[in-house]
Chemist: 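One structure coming up, written as structure tokens, with questions to follow.
Chain A is the first sequence line, chain B the second, and so forth, proteins listed ahead of strands; every chain is numbered from 1. Atom set for the values below is all heavy atoms of this structure, side chains included, hydrogens, waters and symmetry mates excluded. Keep in mind that this is a model prediction, so the values were computed, not measured.
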Protein chains: 2
Amino acid sequence: MNAATKRRRDDTGTASLRTQAILETAAKLICAKGYAATGMQEIAEACGLTKAGLYHYIESKENLLLAIMSYGMDLFEEQVLLQVVGIEDPVERLKACMAKNVTLVTRGWSKEITIILHEHATLTGAAGKQINARKKRYVRFLESSVQEAIDRGLVRKVDPTVAAYAFLGTVLWVYKWFLPEGKLSDEQVADGMIDLFFKGLEVR
Amino acid sequence: MNAATKRRRDDTGTASLRTQAILETAAKLICAKGYAATGMQEIAEACGLTKAGLYHYIESKENLLLAIMSYGMDLFEEQVLLQVVGIEDPVERLKACMAKNVTLVTRGWSKEITIILHEHATLTGAAGKQINARKKRYVRFLESSVQEAIDRGLVRKVDPTVAAYAFLGTVLWVYKWFLPEGKLSDEQVADGMIDLFFKGLEVR
DNA sequence: GAGCTCTTACCGACCGGTTGGTAGGTCACA
DNA sequence: TGTGACCTACCAACCGGTCGGTAAGAGCTC
């Protein structure tokens, strides 16, 4: 009796469910060690598969990374963007967006987000373009929200592009230093950053 | 006549000069491809050496990265920290610091800085601790400058730690998106960010 | 200035191990 | 009788690193 017969098959389980699990396991490893430093063998073993078995589900290493990042972008859009696009007041919209974004990064639920942030130049060619386009949409959303706030006289006049990237830097850099067991809670960080950033935008 | 005899020896040139050149060449490659994805062979060839020849100058790959990062930290401390520590007014000190820091990142002179920012978790053990300690000193410098500004009544009361990390995020995230040929000049970015960040700190 | 030694700066060849990826087979289940 | 799931065995290329060797110069002695 070999490993194949010992291991329980996932019978009726949809194939995509298994693929999802593989993505999550791979994400955990890649998040911890970096894309280039993580071997396919390692990922396969963590999934309870051989390397060849893993390749039954994925096409290539690069494709695996793309799948992880795409899933991460889905997650981000669902947990951040979709939650705030409906808010009518552009300032409140941006504030809510910052809060959601900070907690998305601090709560380590989604290793995929960290991977997207860290491996920002790893994917090249068509795959890279695909992810970049989705990121760009977020930047544009921020820029236009800032512009809207300016037009409505809700905030003073600033460069929307600089504001958008300052917003992003403030919020996303968090992944490099935040520790859940540190002296600052994620709410404190989020509140503090919202206070800092939006006090700088107020009309006097 | 083989490659060895054809190649000119660096006779009287100090050994450290050659090492310096190797560090710079290696930094360029690692900056472009990432530490894990850059091979020693590749670095050696870019230096006009064989791999064994390269190992005449360095101890190991990890050590090479440490040397690059240490040099980057030297550069940073010399071009940013040393230029501003003497400024008496803490707000002016922080403003100057932000300006210097932005231009250090935007002007691609120093690939070493980008490597320090990107490979923030690559070095482990004693080497990692060494670099981390120097980074930590910068955070503390920012925190205490903010605290000093608060104590003197120059800015409103905020959490110095959150302010320091917001400062860093704003300034350092730049390495992920800034392009010299983009629509924003580095001065525009620096000025815009200083305006945004410090307007958020002013006393009302 | 010939002869000697010591040092620096490298090179070609090689090490054990790992890389991403694949061909071809086996097995359970429908 | 498929078909999807998964395996063993294997590939060429590459990994970081080391080995013994060597050409060229520096410094000293006689």
Chemist: Please evaluate the base of D:dG17 for a donor-acceptor partner in the side chain of B:Lys61 within a cut-off of under 3.5 Å?
Modeler: no
Chemist: List for me each residue that meets side-chain contact (heavy atoms from CB on, under 4.5 Å) alongside A:Ala127, sequence neighbours excluded, and say none if there are none.
Modeler: A:Leu66, A:Leu123
Chemist: Are OP1 or OP2 of D:dG4 and a side-chain N or O of A:Arg18 less than 4.0 angstrom apart?
Modeler: no
Chemist: Expressed as a whole number of angstroms, how long is the span from A:Ile58:CD1 to C:dG21:P?
Modeler: 8 Å
Chemist: Holding to side chain to side chain donor-acceptor pair (under 3.5 Å), I want the full list of residues that pass it with B:Tyr55, two or more places apart in sequence or in another chain.
Modeler: none
Chemist: Please report, rounded to the nearest Å, how far the P atom of D:dC7 is from the CD atom of A:Glu45.
Modeler: 11 Å
Chemist: Any pair with a residue in residues 111-148 of chain B that passes ring pair (Phe, Tyr, Trp, His ring centres under 6.0 Å), sequence neighbours left out, goes on the list, sorted by first then second residue, please.
Modeler: A:His118-B:His118, A:His118-B:His120, A:His120-B:His118, A:Tyr175-B:His120, B:Phe76-B:Tyr138
Chemist: If you find the nucleotide of DNA chain D closest to B:Ala52 and the one closest to A:Leu54, which residue's nucleotide is nearer the 5' end?
Modeler: A:Leu54
Chemist: In whole angstrom, what separates A:His56's NE2 from C:dC27's P?
Modeler: 17 Å
Chemist: In plain terms, say whether B:Glu148 and B:Arg93 are close enough for a salt bridge, that is, a side-chain N and a carboxylate O under 4.0 Å apart.
Modeler: yes
Chemist: Using whole Å, report how far OH of A:Tyr55 lies from P of C:dT19.
Modeler: 11 Å
Chemist: Taking ring-ring contact (aromatic ring centres under 6.0 Å, His included) as the test, write out the residues that go with A:Tyr35, two or more places apart.
Modeler: none
Chemist: Strictly by side chain to side chain donor-acceptor pair (under 3.5 Å), give each pair with a member in residues 73-90 of chain A just once, sequence neighbours left out.
Modeler: A:Asp74-A:Arg134, A:Glu77-A:Arg134, A:Glu88-A:Arg152
Chemist: Within residues 36-44 of chain B, find the residues that approach DNA chain D with a heavy atom at under 4.0 Å, and present them sorted by residue number.
Modeler: B:Thr38, B:Gly39, B:Met40
Chemist: Find the distance B:Glu62:CD to D:dC15:P and express it as a whole number of Å.
Modeler: 18 Å
Chemist: To the nearest Å, give me how far apart OH (B:Tyr57) and P (C:dC10) are.
Modeler: 3 Å
Chemist: Write down the distance between CD (B:Glu59) and P (D:dG16), rounded to a whole number of angstrom.
Modeler: 16 Å
Chemist: Atom CG of A:Leu17 and atom C1' of D:dA5: how far apart are they, to the nearest Å?
Modeler: 15 Å
Chemist: Just N and O in the side chain of A:Thr50: are any of them under 4.0 Å from OP1 or OP2 of D:dC7?
Modeler: yes
Chemist: Between the side chains of A:Lys183 and B:Thr161, does any donor sit under 3.5 Å from an acceptor?
Modeler: yes
